[in-house]
Amino acid sequence: MPNIKSAEKRVRVSEKRRVLNKAYKTAMKNRIKEVLKAIAEQKPVEEVQKLFIKAQSTIDKAARRGAIHKNQASRRKSRLAAKVKAYAAAKEQGV
């Protein structure tokens with residue numbers, strides 16, 4: 001345990017931030033899993049796209065709050081968008 005008052009405060013603040021960051025990351029990962037699960041279960045394209053929009057919003061929020069880096073947010077959205085687009089194309093062709 002720190003002896004200096006400012007160091008004690010840093011411990012308190014970092015713990016509070018860690019818990020908040022964990023919540024944002026968990027929410028983001030759950031939204032991404034919902035999209036991937038919908039694709040795996042062959043849900044209608046409209047439903048998958050609605051889930052994707054919600055996932056995008058959650059990813060952006062995590063980046064805005066500093067829970068993840070903006071480049072990581074961009075990469076996650078890009079990869080998810082590619083999967084949704086491929087799924088929509090496959091559904092359109094009747095695969």
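Across A55 and V35, no two heavy atoms sit closer than the pair CB-CG2, 3.9 Å. Here the closest heavy-atom approach between residue L51 and residue A38 is recorded as CD1-CB, 3.6 Å. When all heavy atoms of E8 and P2 are compared, the pair lying nearest together is OE2-O, 3.3 Å. In terms of heavy-atom proximity, K43 sits nearest to K91 at O-CE, 3.8 Å.
Counting only residues at least two apart or on different chains, the salt bridge (charged side-chain N to carboxylate O under 4.0 Å, His left out) pairs with a member in residues 18-28 are E15-R18. Screening residues 57-80 for salt bridge (charged side-chain N to carboxylate O under 4.0 Å, His left out) gives D60-K77 as the qualifying pairs, with residues at least two apart or on separate chains. The side chain to side chain donor-acceptor pair (under 3.5 Å) pairs that include a residue from residues 45-59 are R31-T58, where partners are two or more places apart or lie in different chains.
By the 4.5 Å side-chain criterion applied to Ile, Leu, Val, Met, Phe, Trp and Tyr, V13 is assigned to no cluster and stands alone.
Note that the CD1 atom of I59 and the CZ atom of F52 stand 7.5 Å from one another [nearest 0.5 Å].
Legend: residues meeting side chain to side chain donor-acceptor pair (under 3.5 Å) with Y87, ordered by chain and number and at least two apart, are absent. Applying the side-chain contact (heavy atoms from CB on, under 4.5 Å) test to A82 and every residue at least two apart in sequence or in another chain returns nothing. Take L36 and apply the side-chain contact (heavy atoms from CB on, under 4.5 Å) test, not counting sequence neighbours, and it matches I32, L80, K83.
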